[in-house]
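The next block holds one structure in the form of structure tokens; read it before the comments.
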Amino acid sequence: MAKSSLDKKFDQIRKREEEKTFSTKKRSRIVNKFLNNRLAVLGLIIFTIIILASIFAPLLSPYDPMRVDLRSMRQPPSFDHWFGTDSTGRDVFTRVLFGGRVSIFIGLGSAILSAVVGIAVGCYAGYKGGWIDVIALRISEIFMSFPQIILVLLLVSITGQSLFNLMAIFILTGWGGMYRLARARMLSLREEEYVQALRSFGLSTFTICYKHMLPNALSPIMVNITLSTAMFILTEAGLSFLGLGVPLNIPTWGNILNVAQDILILQNYWWMWGPVGIVISVFVLCVNFIGDGLRDSTDPSQQG
Amino acid sequence: MLLVISFLVYSGLELSPGDAVSHMISPELASTITAEQLDAMREAYGLNQSFLTRYWIWLTSMVQGDMGYSMAGGVAISEIMVKTVPATLELSMVALFFSTILGCSLGVISALKRGSGTDNSLTVAGMAGVSIPEFFFGLVAILLFAIELKWLPVGGRLLPHYETLWDRIPNIVLPSLVLALMMTAGAMRYARSSMLDVLAREFITTARSKGMPEWRVNILHGFRVALTPVVVLIGFRLPLLIGGSTIIEQVYQWPGIGSMFIRSVRASDYPLVMTISLMYVFVVLTASLIIDVLTALIDPRVRLGKE
Amino acid sequence: MEDKNNIALSVRDLKTFFYTNNRCNKAVNGVSFDVEKGKTLCIVGESGCGKSVTAATIMQLLPTLSRIEEGEIKFQKDDKIINIEKLEKNGKEMREIRGSDIAMIFQDPMTALNPVYTVGFQISENLKYHTNLNKKEIREKCISLLNDMGIPLPEKRVDEYPHSYSGGMRQRAMIAMAMACNPKILIADEPTTALDVTIQAQIFELMDKLKKENDTAIILITHDMGVVAELADNVAVMYMGNIVEAGTADDVLRRPTHPYTKALLESVPVLGRGKNQDINPIKGSTPDPYNRPIGCQFAPRCNWQTESCDVMPEITQINETHQVRCHKYEQFFEKYK
Amino acid sequence: MKKLYVVIVAVLAHLMFISSASAQPTNSNQLSDPRVRQALCMAIDMKTIGETLFEDQIIMADSLLPNGPMKSPNLPDYSYNPEKARQLLAEANWDSNRELDMVFYYGDQLTADFMAAIQAYFADVGVKMTYRLLQGDVGAQLNSVPDDGVNGPAAVDYDLGYGARAAIAMQEYYNTFKTGLNPQTPGDPKMDALIEKINSSADPEVLKPAFFEIQEYQMEKVNICPLYYQKLFIYESNKVDRNGGAYGNAQYNYNWGITDWNVSGGTLQTNTGPVEFFEQPWYNLGLWIHNKVVFDRLLVADGALQPVGCSACESYELAADGLSLTFKLKDGLTFHDGNDVTVEDVAWSIRTAMKAPQMHALIGNTVGSIKGADAFKDGSTDDVAGIKYNIADRVITLELTKIDPNILTTFTQFAILPKHLLGDVDPLKFQQSDFWQKPIGSGAFKITEVKMNDFAKFEPFDGYHGGKAGFDIIAYPSYDGDGNLIKNAAAGKMDYGFTKNVADVAALDAMDNMGTKAVDIPYTRMMWIMQYPKP
Amino acid sequence: MKKEILKLRGVKVHFPVQAGVFNRVVGHVLAVDGVDLDIFRGEVLGLAGESGCGKTTLGKAILRLVEPTDGEVKYISLDDNETELTSLEKKDMDPFRKKLQIVFQDPHSSLNPSFTIFGSLQDPLKKFGIKSKEERRKIIGDLLEAVNMRREYMDRYPHEFSGGQRQRIGIVRALCLEPELIVCDEAVSALDVSIQAQVLKLLMQLKKEKNLTYLFITHDLSVTEYLCDRIAVMYLGRIVELCDSEDLYNNTLHPYSEALISAIPVADLDKQTKRIVLEGDVPSPVNPPKGCPFHPRCPKATDICKTEVPTLKKYSTNGNEHYASCHLIDLPEIS
């Protein structure tokens, strides 16, 4: 009987075990598992590269993202302009880098802030229950009974377009999910015996729920933060398609990609939308990979 | 619940700049209209009444089943709904149908072949599916299939002379597929993890211990149980689907509720915005109710109203 | 040993290793025992000793990241000896044995039954694959099985879902499922651990009855010496993947020869012995399966440990039925006689 | 001391550069300083922008008024001159930390790019500027006029605005600069007088010097910065043959000979179909396809929108003093539902137009100058004294209180609507009538099938006095400037339409099946400059 | 002379059962349904019964980890001051929380996985006035040594410990405020037998050293018999029998206790007795049977059992007080 690949792997492990040559690096199981997830590691690497590139954009590109050079518009990629130039002769590569700053700031910032709000409310409400929980639950239900993009549209049209408003809206629409997650986690943690032990000492609610319980609820929240980062970045792009995103004078990935609406550009000037489309997709993909990797590595029920 | 939401939306609209009348005037011609004319229009539309009065009027007529009239064109909102809701339903249901079937089967395959090349590539493909901005995906699909290859129409829903169902199918293919593909990825991930979850449960071992063939164990015992959370999660994603269809409707000139909503929001057409928002909420709430019913059908534990 | 024809299942030098997290866990590391027809073999040991893995191995119900390394599992099926370990994991032959010749019941009846199918359906699946009965006959058989298991109103209960059963009834249903095809061997993996004592008593009563009526051999896996005392004909005591002592219940309980067996017996209070009984804890704790002691696995916790214990002791046959895996069994045997 | 310095500089500047405009700020807003406004105008290199961004499809502008006989030959030169701009700004003590706020209301990419270009040019001369697309109530945010039309403060909050002014009548360009009517420019008695002058006659020769004067005065004051004159582009697929029909300003109605067009395949596909309803035709006069083909007018214009003769009228007569206009209607005209078109319908249409709020200024001016219009509007009379008609004779006479130089043009655009279907409608809620779900007119095409949001189908109308077209029209609901136009054209779903977006032109010209034709139209793109003090 | 530390009078804990769309309360789980019990200083009182009988809930109700629906829990201090605990404000409860502590069943969930042992344990000490870190470390270190663990272990995380070690840390936690009474909630049930004995021995030793009182909750009667001075047997939220541990085995009065004892398998081939197999399952505590809650399963049930609820009456066996609630005891009741 031919040995399957699994069998071969087993033989290897067994040999290692018998020769006592297995790696005994002292790393936490979660880190280990995450590092074993090739996609997640790849995601983390690319994620880091994109973030660093955005942060150090001025060092990486000699151009100013706002500098218009009408005489050199719509040039294909060249040594001078890696991603070519756009309709006003701005360097697309530079704009993608600078756009990344804003887009990532919006995505990550909104995700983290909505998580902060959601957790703050969710932890307390989940642990304490009572009318606070009822009210917070109702409010989150109101927000969640709208399809998110519809609510965002509604709010954008009410508050007007600006970076700050957009983030505020993302937080407003995003905290509900985090709240529910934190709450659900708290509800199950509340039954854990160490929590009951703390209660039997009469410790304050604040200490119990934010100091002792919260750290144990963090891993699914981390996963959720990554996933909402991805979602917010995509929503930002979708909103700029509808003309309701970040004001056009601020370069964001969504605003840059928006030129693809013009079929002429879509057909003839691939460099104006291709690279940024790929960067958005790859970045979101990486964030998703990281999220998935985190989920797998922190989920005790799955072995691998 | 609906009441609270309606009040919040109404007050929100009150806060937004301008009203329906000022939106009826195009900016290029705006300077030619006098303030008196505008006031006369406001009076005619009842916009000079206080906010609460207007809300009360709107609410009472709504309760009586009268959705009122769109301000921009004076068209009965019920009529607009009759035209746009089926379009959106058509689109999202087709997308939901395909994405569920495709997502579930791929997810199950992925779970059963866990760790294999198939699983990995499906996972990556699924992730990629949710990582591309949907309008971008839609536009590229148009470029490819409608403009370059000319296989499918660029958009629209009904065409003159297109009477039969068969005639209309080409129009729905692209938008629904694009929407479905975005959904599939999610459904697949849910199905996969749910299936993995179930496969680790003890009754799967029990089923195996009865000496049944693997397919029966996996499908009858595994998938059947995994279905419940998948159905619930797909239900929870329904708002996402409806939201997603908003953008796809724009891209494909699909005359649905989403594009109508965007127009009415831009035009501050209060009655229309209100009705559509509430309809969205209603759909979401109904969906969750349907999901409850469905889960009850699928899961006997819920059916009997016990834990 | 006794007449070969009496042996329903014979396990020789079985090794099953697990390969999770890129490590190798020698969960079952050379186990041999025989299961006699119509007798109850109790495999007893603490958690992690490999007793459940042994059961799963016999059924070939191991998880993906594990495999049978060595050894033989010989099953006597209609005068034919079948080497179970050679069969394909989910192949046709293995499936034919599973459920019909060897059946299994599990520890937690709450999770072992599929919540979305009726109990009747789940029992009938077994019959469908291993008998030629038609639908109606299957249903009748299901009802009669439930009736035999002492479930009241079986005609009604057969169409109910597991969640409307109580824990004890679920376990009865599990047994009905397992007994549906009159298996030669019933493997019961801690069948009562999740149940209350009064329910446990009911289940034991039932198993006892079935054994007598159907001449089924039972492999009962448990951690409770009390259960062993009540039910076992033969006993195998497992520790860290090995059987350290085996024999008839009489041999093992009255004349424990391995320090571990002895310690196990002395560490639990026995009902009726009152407050003045002496219990002696075993020192230390079960070793990490990835970091096993060299030689005798029990040595670090053993009061009788000597240098010779650095080598794994061989199995020694004390008498016809009683065997032990200890270097010092003789002194030990002497001292505690 | 500092004040003195400012005065000296101002005086010097006055002497050196600017002849008549006072070269100092009139209020706390630095933009009220004409030097700053001049500098801003000179900072923008419209020539390069035109050649690149606008693909050479625009005409440079030097004043509000389009090129033509009314154009003054003596306009100051504000073409690209960054050095001078910097110099002027220095003289005006421009606060380089101030960030100007530019607003606009076109959502297309080209405009965004244009704004980015202007931003860059401003930055080059040391002026900071950001731009934003107006959302929500654009009219109010853009055009609210301050209570005090001379001293402000401004009723709206922006510094610069990018927008356009289209007009049929040349006076329309300037009328809003009257004291108290303009949101950006403070009132000025001289300007008021000049405006009075250009409205005083219907005779072009009389008006010409008046237009010269007002142009020159405005450009000296630079209270707007003209950017470019917009062309309009009519596109057609190779299925369409106009058969000699003229091309003209397609935003309005003109004699294009549609009944003689040849359309291969027998169906003309176009955009500007209805979304929720058909817009009434007195507002955006020729923007939608139904405006053009479903309704009939009394007179007809040529491509340049000059009245050239009768359409529904048999004859017309404008009195020598310009204060009375008489039409005689053709015989046998019917609406699409078979009812006769009578002078009653015409009279009712005019009366209704006096009250209906959404009204094109051209029509508003004309109907407003009819005798008794004010009394009718405020409800004190039920009839308009200046409208006299005889149903049997099919004659209607309009008497005016003052000269309306554009009255004939008005009736080339003013659609006659059926009284028997709309007579009961409240003029204030004119658009709300059910009629606009499937309107009935007396034009060349009748509406036969409407799927709101999907398409509307028009078929030739037998009873049209101008002949019967040989093809149907299918109109899809998309409009000028949206991205769907190009998609649909590429997919062969577009046979006719017009656009003002040069990006569309490039895309359309690149297609094998499509062609475009540029038409000069009176349509000026400009930059508004807020000269009132900040609110 | 025996002195009470706790007096329970008519303690009831009812949980609402919610169902339906509006989460309406459709019934109550009568988890504890009227318990009178005295716990004496220095004794080990066993609380035995099957799962769902309310023993754990009762234990938690004493510490107010669940709020009793009704009844009184009185704490009697060494100087005979009685305090009714259930009516106290939360913050007034603090001094008594120090006196009453609990050890839990599950060694896996009883320690916070994100904190070191010291991190988990220091907050209660801080709260109860031990401000300096050195002092806190000393207290915890000393206690760790008292339970045969190394002082350095306080800086390790729970996952580095085995089940038995965790359970000992759980005991340290209960001991760190020097309580008078410890509720041991199934404290050894989840442990392997070899470890179980270690913990039992440890508990006995600590009791002696620190003068503790235990309320020992367990389903395992053999452990109870070994460890406890008195045993209370619960069934469906009520105490059915309460007596000295030896009397329970030798002079069983209640048929339920009798069945329970006989059902326990004994690891002694010489002591095999005839099992009394009870019919059916424990009824749902939402709708307990009328009359004696045990009557549907009782092999001896008569008509009176179906209608009348028996009360806990006092009898005497072997010269000791012996309480039982059964209609069918033919011993003279002692007032």
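Each chain gets a letter, A, B and so on, in the order its sequence line appears, and its residues count up from 1.
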Please state whether the side chain, the backbone, both or neither of C:I279 comes within less than 4.5 Å of a heavy atom of chain E. both
Let me know if E:D229 has heavy atoms under 4.5 Å from chain C in its side chain, its backbone, both or neither. both
Would you indicate whether the side-chain heavy atoms of C:T286 and E:S162 approach each other to under 4.5 Å? no
Taking atom NZ as the centre, does E:K306 end up with more than 12 heavy-atom neighbours from other residues, nucleotides or ligands that are less than 6.0 angstrom away? no
Backbone N/O of E:L278 and side chain of C:Q202: donor-acceptor pair under 3.5 Å: yes
Quick one: pull up OG1 in C:T198 and OH in E:Y256 and give me the separation to the nearest 0.5 Å. 5.5 Å
Specify the closest pair of heavy atoms between E:D192 and C:S47, including all atoms of both residues, with the distance to one decimal. OD2-OG, 2.7 Å
Using modelled atom types and a 3.5 Å cut-off, is there a donor and acceptor pairing between side-chain atoms of C:D196 and backbone atoms of E:S51? yes
With side chains defined as the heavy atoms from C-beta onward, is the minimum distance between C:V270 and E:E225 less than 4.5 Å? no
Taking the side chain as every heavy atom from C-beta outward, state whether C:S267 and E:Q198 have any atom pair closer than 4.5 Å. no
Under 4.5 Å from a heavy atom of chain E, the part of C:V197 involved: both
Contact leader toward chain C among E:S245, E:C228, E:A259, where contacts are heavy-atom pairs under 4.5 Å: E:C228
Sort C:D250 into side chain, backbone, both or neither according to what part of it lies under 4.5 angstrom from a heavy atom of chain E. both
Which of the residues C:I282, C:N280, C:V268 is involved in the greatest number of heavy-atom pairs with chain E at under 4.5 angstrom? C:I282
Using heavy-atom distances under 4.5 Å, tell me whether C:E46 contacts chain E through its side chain, its backbone, both, or neither. both
